[in-house]
Amino acid sequence: MNNYLNQLNPEQKKAVQHIEGPVMVIAGAGSGKTRVLTYRIVHLLKNNISPFSILALTFTNKAAKEMRNRIEEIVGSSIASSLWMGTFHSVFSRILRIEADKLNYPQNFTIYDTEDSKSLIRSIIKEFDLDKDHYKVSVVLNRISSLKNNFITSKNYSKYHELIQTDKIAKRPEFERIYRAYDQRCVKASAMDFDDLLINTYLLLDNFPQALLKYQNKFQHILIDEYQDTNHVQYLIIKKLAALNENICVVGDDAQSIYSFRGAKIENILNFKNDYPDLKSYKLEQNYRSTATIVETANSLIGFNENQIQKTVWTENEKGEKIIVCKCNSDSDEGRLVANTIFEIKYREQVHEKDFAILYRTNAQSRAIEEALRKKNIPYKIYGGLSFYQRKEIKDILAYCRLTINPNDEEALKRIINYPARGIGQTTIQKLITVSNNMNISIWHLINNLSEFDHGINKGTSNKISDFSAQINSYISQSEKYDAYFLAEHIAKSSGVFNDLYNDKSPEGVSRFENIQELLNGLKDFCENNEENLLANYMQDVALLTNQDNEKKEDFNKVTLMTVHAAKGLEFPYVFVVGLEQNLFPSLLASDSQENLEEERRLFYVAITRAEKRLFLSHTTNRFRWGNYIFCEPSQFLSEIDEKFIIKKEAETKKEKKRPNRFDFKKSFKKIEQKLTPPKGFKKIKPGSHNTPIVSSDLSIIKNGMSVKHAKFGKGKIIEISGENFDKKATIFFENIGQKQLLLRFAKLEIL
DNA sequence: GTATTATCTAAGTCT
DNA sequence: TAGATAATAC
């Protein structure tokens with residue numbers, strides 16, 4: 001415990017030792033940020049600060065776990081385990097369970113994941129009988145989420161006239177009603193979505209002065225990692241919590257802010273000093289992670305961004321090898337290139353699989369890479385994509401568990417009331433929902449007291465429903481008596497889910513069965529390692545767990561595949577960044593504004609700076625995307641890197657045996673034409689008449705200066721046309737919302 | 001009410 | 001392409 005200060009450079013040491021008052025640490029990539037946070041906590045503990053009064057908020061559970069382990073090595077496990085450390089979501093859900101009654105929630109509230117939220121919104125839209133083309137579930141949910149992240153609740157939404165105006169323009173005037181209904185239904189189900197965990201924490205602190213004082217006094221020292229990726233509500237919460245002691249230390253790097261889509265505000269770090277006049281800030285600029293070539297490459301790239309805190313990341317590390325930029329003919333060639341390179345390096349340089357990471361912009365890209373790795377027998381692990389806990393069979397079992405702990409949980413109930421099939425079909429469920437909405441009771445209350453309500457469900461079905469509720473009731477009565485493992489296993493068997501999967505001998509069925517086994521093993525582990533081992537204890541954080549959190553021991557020495565987002569905070573000796581193509585990285589959806597493009601560039605910066613020794617970048621000229629081969633141009637980011645750092649190569653092409661044709665432009669274009677054909681029932685108007693809708697071959701007649709109408713954005717004028725054929729884009733100035741760049745094949749413009 | 005098949009639609013990053 | 005939803009037969 002004594003020599004930890006010796007392991008720090010002067011600036012790091014200052015940041016660690018300055019424990020009174022507000023501190024901001026701007027930490028360049030690879031500059032020992034985690035080390036500073038870890039040792040700062042150790043330093044606090046050494047200065048007789050109680051572990052119970054330290055709150056450390058990290059970006060992922062994994063980061064928290066690793067930091068806790070490192071602290072444990074120095075100060076011992078009993079102290080380390082007393083620290084309040086975790087993600088915003090997990091720490092605040094812990095607090096909310098303690099204080100639930102103040103917010104009129106039960107202590108056992110459910111956390112809705114995205115799928116639950118979507119399902120709820122889908123049913124609300126259906127119940128309101130709204131047009132689902134104007135009310136797209138994902139759009140509505142995104143909007144609700146970003147409102148919540150900016151602390152605009154359904155209750156005070158009506159104060160924001162400009163938002164209501166936006167709804168009208170976007171042809172969803174009923175949005176506010178949906179938002180309100182969504183919130184009410186969550187409350188009725190005793191459920192909170194991810195954003196509610198933050199909003200409700202803020203409401204707790206804002207509306208209950210004693211609670212605020214309690215936590216202000218409790219958390220004498222607050223540390224926040226990855227501060228550049230906090231959103232507005234998180235900012236508000238932190239500001240309140242820290243107001244009494246102002247012992248707050250935030251650590252971050254504006255150049256690595258990559259979560260604006262989740263409401264993250266880079267301004268939080270840029271304006272931090274405005275809130276704390278006494279702020280002392282430290283800059284960690286020495287990179288210990290990467291070769292000089294990699295550091296300078298990253299610097300040359302990020303220089304293209306205008307918006308940033310000035311800092312110079314430098315390193316004493318050796319120059320290292322140049323960066324390889326490789327051009328491939330297709331995504332499968334790219335996969336092969338990566339696999340071959342890993343294979344070669346592994347044997348030539350005698351390194352391990354765990355030293356390699358393959359990073360991509362989108363999860364869908366993993367497939368081609370996986371295929372190539374499998375062919376070469378290179379073991380790999382994938383983070384992200386469909387998380388273990390999001391698989392159907394796991395969610396089914398967990399839905400039973402959720403219902404046992406919180407029977408008001410409507411989404412869980414809807415999921416399993418007829419799985420395995422027990423004769424309670426759509427019509428019946430719809431009747432139940434209608435009655436429960438009209439009477440403002442939960443479905444659970446309704447099905448427990450069926451005879452008291454007028455629902456029009458026949459006797460036979462009523463009996464089936466009663467059987468179901470009796471089954472759940474029996475689980476509830478056992479939930480206090482038996483541990484989580486015992487109960488979950490009992491549920492899996494007695495509900496029929498286990499049997500249902502056991503009888504399915506297809507490869508998928510077998511794998512589903514194994515997944516259930518794995519879930520049960522996890523529960524067993526949980527029960528053996530926790531004193532409080534009831535199902536309710538286990539269920540508390542399950543919704544917040546991700547793939548990263550259940551890494552298995554046998555996965556230790558494997559090549560890592562993940563998105564760049566997921567790679568934040570990690571480092572690997574050898575890094576491959578694949579798919580560096582225009583409209584993929586940077587994403588097509590980010591090309592409409594300067595801010596979005598800068599964020600993509602920061603994302604690429606994050607990708608590059610994960611590498612310690614060597615960096616490989618690749619792009620393809622043809623990529624299988626959306627069911628077609630499409631032609632790809634190299635990413636603009638590649639041309640932004642100073643040429644002196646790179647070596648350009650071309651990957652060898654291998655003839656495919658039995659894959660769909662190589663990119664066939666005519667064929668591909670035909671498909672697009674089909675998509676542009678108006679739907680059935682669309683009124684056909686003769687060409688030349690006033691408002692001819694643009695279809696198929698008409699794509700080429702769109703010219704600069706034309707007045708057009710877009711279904712969503714309204715009227716506008718074309719101010720620029722760019723790209724060719726498939727990628728033809730128009731920059732349009734819309735009367736209502738201003739300038740936007742649209743892909744013509746999606747835009748379905750009407751010429752006015 | 002259920003199981004199977006046809007059709008449609010989206011297509012990005014995550015707690 | 002794949003997942004969700006609608007249509008169909010039983």
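Throughout, a chain's letter reflects where its sequence line sits, starting with A, and its residues are numbered from 1.
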Please table the atom pairs, donor to acceptor, closer than 3.5 Å between any side-chain atom in residues 424-434 of chain A and protein atoms at least two apart or in another chain.
residue, atom, partner, partner atom, Å
A:Lys431, NZ, A:Gly456, O, 3.2
A:Thr434, OG1, A:Gln430, O, 2.7

Nucleotide of B:dG12, C:dT1, B:dC14 approaching A:Phe624 most closely (side-chain heavy atoms): C:dT1

Sugar-phosphate, base or nothing in reach of A:Arg625, heavy atoms under 4.0 Å: nothing

Base B:dG12 paired with A:Glu600 side chain (donor-acceptor, <3.5 Å): yes

A:Lys118 NZ: over 12 foreign heavy atoms closer than 6.0 Å: no

Shortest side-chain distance from A:Ala421, nucleotide among B:dG12, B:dA3, B:dC14: B:dA3

side-chain N/O A:Arg422 vs B:dT2 OP1/OP2, d < 4.0 Å: no

A:His89 side-chain proximity, nearest of B:dA10, B:dT13, B:dT15: B:dT15

Closest listed nucleotide, where the reference is the side chain of A:Asn363 and the choices are B:dT13, C:dA4, B:dG1: B:dT13

Those residues that, when tested against A:Ser511, pass side-chain contact (heavy atoms from CB on, under 4.5 Å) (two or more places apart): A:Asn515

Closest to side chain of A:Thr60, choosing from B:dA10, B:dT15, B:dA3: B:dT15

Between B:dC8 (P) and A:Arg122 (CZ): distance, integer Å: 19 Å

Residue A:Thr362, side-chain heavy atoms: nucleotide from B:dT2, B:dT15, B:dT13 that is nearest: B:dT13

Pair A:Tyr135 and A:Phe128, ring centroids less than 6.0 Å apart: no

A:Phe194 vs A:Leu544, side-chain contact (heavy atoms from CB on, under 4.5 Å): CA-CA, chis, key distance, verdict: CA-CA 9 Å; A:Phe194 290 133; A:Leu544 299 173; 3.7 Å; yes

Separation of atom NE2 in A:His565 from atom C1' in B:dC14, rounded to whole Å: 8 Å

Among A:Glu599, A:Glu598, A:Lys265, A:Glu595, the one residue meeting side-chain hydrogen bond (donor to acceptor under 3.5 Å, both in side chains) with A:Ser260: A:Glu599

A:Tyr389 OH - B:dT15 C1' separation (whole Å): 15 Å

List every contact pair, protein side and nucleotides 7-9 of chain C side both N or O, where the distance is under 3.5 Å.
none

side-chain contact (heavy atoms from CB on, under 4.5 Å) involving A:Lys126 - partner list, sequence neighbours excluded: none

Residue A:Arg361, side-chain heavy atoms: nucleotide from B:dC14, B:dG1, B:dG12 that is nearest: B:dG12

Under 5.5 Å and under 30°: A:Phe261 stacked on B:dT13: yes

Touch class at under 4.0 angstrom, heavy-atom based, for A:Asn418 against every strand present: sugar-phosphate

Spacing of A:Phe388 atom CZ relative to B:dC14 atom C1', expressed in whole Å: 19 Å

Touch class at under 4.0 angstrom, heavy-atom based, for A:Arg602 against every strand present: nothing

Any residue meeting side-chain contact (heavy atoms from CB on, under 4.5 Å) with A:Arg94, in chain and number order, not counting sequence neighbours: A:Trp84

Value in whole Å for how far the C1' atom of B:dG12 lies from CE of A:Met562: 17 Å

Between B:dC14 (P) and A:Gln234 (CD): distance, integer Å: 16 Å

Residue whose nearest DNA chain B nucleotide is more 5′ - A:Phe194 or A:Thr427: A:Thr427

Nearest-nucleotide comparison on DNA chain B, the residue closer to the 5′ end among A:Gly425 and A:Leu544: A:Gly425

Sugar-phosphate only, base, or nothing, as touched by A:Tyr259 at under 4.0 Å among non-hydrogen atoms: sugar-phosphate

Contact under 4.0 Å: A:Asn61 side-chain N or O vs B:dT15 OP1/OP2: no

Sugar-phosphate, base or nothing in reach of A:Leu603, heavy atoms under 4.0 Å: nothing

A:Lys459 NZ to B:dG1 P, straight-line distance once rounded to whole Å: 16 Å

Nearest-neighbour nucleotide for the A:Thr428 side chain, B:dT13, B:dT15, B:dG1 considered: B:dG1

Any A:Ser587 side-chain nitrogen or oxygen under 4.0 Å from OP1 or OP2 of B:dT13: no

For A:Asn596, side-chain contact (heavy atoms from CB on, under 4.5 Å) partners two or more places apart: A:Ala590, A:Asp592, A:Ser593

Nearest listed nucleotide, side chain of A:Arg367, among B:dA3, B:dG12, C:dA2: C:dA2

Gap between atoms CD and P, on A:Glu226 and B:dT15 respectively (whole Å): 12 Å

